[in-house]
Chemist: 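Below: one structure in structure tokens.
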Amino acid sequence: MSKSLPVVGQEPSPEGRSLKTGRKWRRRDFVLLVFGWIGTLGSLSAATLAGMRGLLPNLLDEPNQRFRAGKPEDYSDGSVAFLDEIRTFLIRKGDGFRAMSGICTHLGCTVNRADSGYRCPCHGSLFDEDGNVLSGPAPRALDSFGIAQARDGRLVIDRGRSVSPEEFLVVGSGGKGLEDRGGGEQA
Amino acid sequence: MNPFRRFWQTVYRSVFRVGIPKTNLGRAQAMVSSFLLHLHPAKVRRDSLRPTRTFGLGLITLYLFIILVVSGVLLMFHYVPSVERAYDSVRDLSFVVTAGVLLRNCHRWAAHLMVVAIVLHMARVFLMGAYKAPRQFNWGVGVGLFLLTLFLSFTGYLLPWDQLAFWAITVGTSIAAYAPGVGELTRFSLLGGNIVGQASLLRFYVLHVVVLPAAAILMIAVHLYRIRKDGGLAHPDEDQPTVEEGEAPPPQKSYGLMALTESSTPYVGRDPGKEVFAWPHLLIREVLLFVGTFSVVLLLAIFFDAPLEELANPIHPPNPAKAPWYFLALQELVAHSAFLGGVIIPGALVLALILLPYLDRRRVGIGRWFARERWLANGTFLLVLLALAILTVIATFFRGPNWDWVWPWAAGG
């Protein structure tokens with residue numbers, strides 16, 4: 001211990017009892033150093049992380065992923081209806097229904113119906129009738145969402161469930177409701 | 001002396017240590033005894049004051065920032081960052097608030113001018129080779145301020161919550177989502193959810209009025225401080241082709257103590273004849289430049305109204321949906337590929353700008369416009385600028401609905 005104390009009459013180093021002077025480490029210095037850094041960095045980073053994590057909302061005030069789109073009879077054969085609230089096209093072919101997202105997979109603008117297919121007004125992506133990319137910067141086809149029929153016969157589009165573009169929900173003729181396929185509301 | 005006058009003198013002296021200086025010593029003392037004036041050196045190179053050296057671009061940028069802060073604070077008294085009321089509160093500026101339209105116009109045109117000024121300032125520094133040692137770090141700070149200016153512009157035009165705002169947030173945060181690894185998280189935290197809504201508006205508002213300006217003020221302070229610590233403006237005297245590459249000369253003040261007096265003492269390379277007192281030579285130029293800058297902003301604000309599109313419609317974007325002119329090159333790029341044009345190319349350009357002074361270390365062509373020895377660096381820089389300008393022109397005039405190619409002189413529009 002006494003070795004590490006400054007010698008009387010000698011100028012102490014500017015840093016005081018520096019750990020870098022080549023002298024033996026004392027336990028006290030080591031403990032102070034380690035716990036000092038752990039405490040400083042630990043508290044700072046914990047506070048930072050907590051503050052940043054608070055910016056990620058735990059509760060989202062956003063519309064339900066499931067959207068009730070009305071009865072099958074509301075849509076005529078061969079029609080393509082645009083559902084404003086969920087920016088989704090509801091396509092009817094015969095008794096088959098298909099829900100296709102109207103949100104461009106490029107940067108999120110809403111596509112418009114074109115002569116044959118869909119066009120994005122923001123960056124010009126062109127999609128065919130099935131939502132496949134024909135040209136433009138879009139990286140993949142328009143999403144297709146699962147549809148189910150609720151007990152009351154109404155169509156329920158589930159935007160949380162992606163399906164292949166070939167998948168159509170076929171409803172029985174005469175508006176007879178099919179069994180709920182798990183996508184309908186339970187109320 | 002009567003007591004009132006004496007009291008007044010005491011107060012005045014406690015604020016201003018030195019009165020209006022009449023001697024050179026006084027002029028030097030005035031500059032170093034006041035907080036604001038001490039941002040300046042007591043003496044500056046006569047050369048650095050020549051308008052064609054800098055065109056005052058950095059100072060103009062600073063003045064525009066100050067105008068933006070003041071007009072922005074005034075706008076905050078009227079603006080409500082809520083999706084229900086934002087649009088109406090901005091419209092009220094035009095129809096209800098006295099001189100509100102002037103206030104908003106000032107803010108808008110000063111912001112546009114600041115983008116122009118900071119790009120020109122950057123070009124000036126580049127074309128003079130003024131980013132070289134010992135100014136590498138300050139160049140980096142400048143690149144940071146350039147990015148902050150763009151982010152401030154972006155967050156600013158989101159606030160009126162018109163069509164431009166809504167779809168700019170949509171597209172902007174979607175570009176962020178393409179960043180590898182952290183993209184989706186960035187988008188989620190910027191929006192405060194998965195969709196553009198109230199949380200998004202509030203976040204961009206806080207960024208615009210507190211976070212980004214605070215960062216800008218801090219970086220401007222460092223930027224100005226380093227100008228002085230790095231020896232003032234770059235000057236041809238700093239050309240040292242003989243010095244080893246990367247061996248930076250020690251930072252030095254732009255004047256020595258000897259230079260404060262006009263004596264016959266020779267002082268090699270720094271003789272008093274080359275330098276003049278900042279009071280009044282620099283100060284009068286700064287004041288005039290501010291008057292000029294402010295006048296231009298006011299004239300634009302009086303004659304041209306800031307646009308306001310229709311209220312945000314979350315269902316359909318306008319067609320075509322064009323960004324403000326300073327982001328049109330970026331829009332043209334992402335119209336080809338979001339990842340390449342929105343992440344890779346801008347990221348590479350910024351990285352190249354920051355690394356530049358550490359890669360280009362030849363100590364030639366410093367402080368001279370278009371030095372012939374720097375033809376490669378200057379040529380590359382001008383080519384990149386030209387490419388961005390061409391993209392901007394294409395996006396402005398040659399893109400119609402659905403971002404289709406149109407000939408501007410063809411009928412319709």
Side-chain angles (χ1 to χ4, degrees), chain A residues 48-65 67 81-90 101-127 133-140 142-143 145 159-160 162, chain B residues 83 163 166-178 184-200 202-203 206-207 211 313-323 330-342 395 399-406:
Chain A
T48 308
L49 279 177
M52 300 309 281
R53 179 59 184 81
L55 290 176
L56 299 179
N58 294 323
L59 180 67
L60 293 177
D61 180 21
E62 291 177 3
N64 200 314
Q65 292 285 73
F67 179 80
F82 182 69
L83 309 172
D84 279 349
E85 293 92 330
I86 56 173
R87 295 203 279 156
T88 295
F89 293 98
L90 186 60
S101 169
I103 299 170
C104 181
T105 52
H106 179 227
L107 291 173
C109 292
T110 312
V111 299
N112 296 314
R113 285 277 278 155
D115 297 336
S116 63
Y118 302 86
R119 292 249 22 211
C120 177
C122 292
H123 306 99
S125 291
L126 179 63
F127 304 89
V133 185
L134 290 179
S135 67
R140 58 193 164 81
L142 295 172
D143 291 323
F145 301 132
R159 287 182 295 151
S162 278
Chain B
V83 290
Q163 276 287 68
F166 187 90
W167 294 99
I169 297 188
T170 305
V171 169
T173 53
S174 298
I175 292 177
Y178 275 88
E184 286 297 335
L185 186 68
T186 307
R187 184 184 130 90
F188 185 74
S189 44
L190 278 176
L191 290 183
N194 299 306
I195 58 169
V196 181
Q198 176 60 54
S200 324
L202 192 57
R203 276 165 196 231
V206 173
L207 284 177
V211 179
N313 174 359
I315 300 162
H316 288 293
N319 191 2
K322 286 194 184 183
L330 183 67
Q331 188 174 8
E332 180 65 28
L333 283 174
V334 297
H336 293 96
S337 162
F339 182 62
L340 200 63
R399 293 298 185 182
N402 295 322
W403 210 247
D404 280 330
W405 186 274
V406 292

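Residue numbers start from 1 in every chain, and the chains themselves are labelled A, B, ... in the order their sequence lines are given, proteins ahead of strands.
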Chemist: Is the distance from the ring center of Phe89(A) to that of Tyr118(A) below 6.0 Å?
Modeler: yes
Chemist: For chain A, which candidate among Asn194(B), Thr173(B), Val196(B), Leu185(B) shows the most heavy-atom pairs at distances under 4.5 Å?
Modeler: Asn194(B)
Chemist: Would you please test Cys109(A) and Cys104(A) for disulfide (SG to SG under 2.5 Å) and show each step?
Modeler: CA-CA 5 Å; Cys109(A) 292; Cys104(A) 181; over 6 Å; no
Chemist: Using non-hydrogen atoms and a 4.5 Å limit, figure out which bit of Leu60(A) sits close to chain B: side chain, backbone, both or neither.
Modeler: side chain
Chemist: Would you confirm whether Asp143(A), through its side chain, and Ser101(A), through its main-chain N or O, come within 3.5 Å as a donor-acceptor pair?
Modeler: no
Chemist: For Phe339(B), which atoms come within 4.5 Å of any heavy atom of chain A: side chain, backbone, both, or neither?
Modeler: neither
Chemist: Of the listed residues (Ser337(B), Gly192(B), Pro320(B)), which shares the most heavy-atom pairs with chain A below a 4.5 Å separation?
Modeler: Gly192(B)
Chemist: Can you tell me which portion of Cys120(A) sits under 4.5 Å from chain B's heavy atoms? Options are side chain, backbone, both or neither.
Modeler: backbone
Chemist: Taking the six-membered ring for Trp, is the centroid-to-centroid distance between Phe166(B) and His316(B) below 6.0 Å?
Modeler: no
Chemist: Sort Ser135(A) into side chain, backbone, both or neither according to what part of it lies under 4.5 angstrom from a heavy atom of chain B.
Modeler: neither
Chemist: Would you mind checking which part of Gln198(B) comes under 4.5 Å of any heavy atom in chain A, side chain (CB onward), backbone (N, CA, C, O), both or neither?
Modeler: neither
Chemist: Is it true that the side chains of Arg87(A) and Thr110(A) contain a donor and an acceptor less than 3.5 Å apart?
Modeler: yes
Chemist: Which atoms of Arg399(B) are under 4.5 Å from chain A, going by heavy atoms: the side chain, the backbone, both sets, or neither?
Modeler: neither
Chemist: Angle class for the His123(A)/His106(A) ring planes (parallel below 30°, perpendicular above 60°, tilted otherwise)?
Modeler: perpendicular
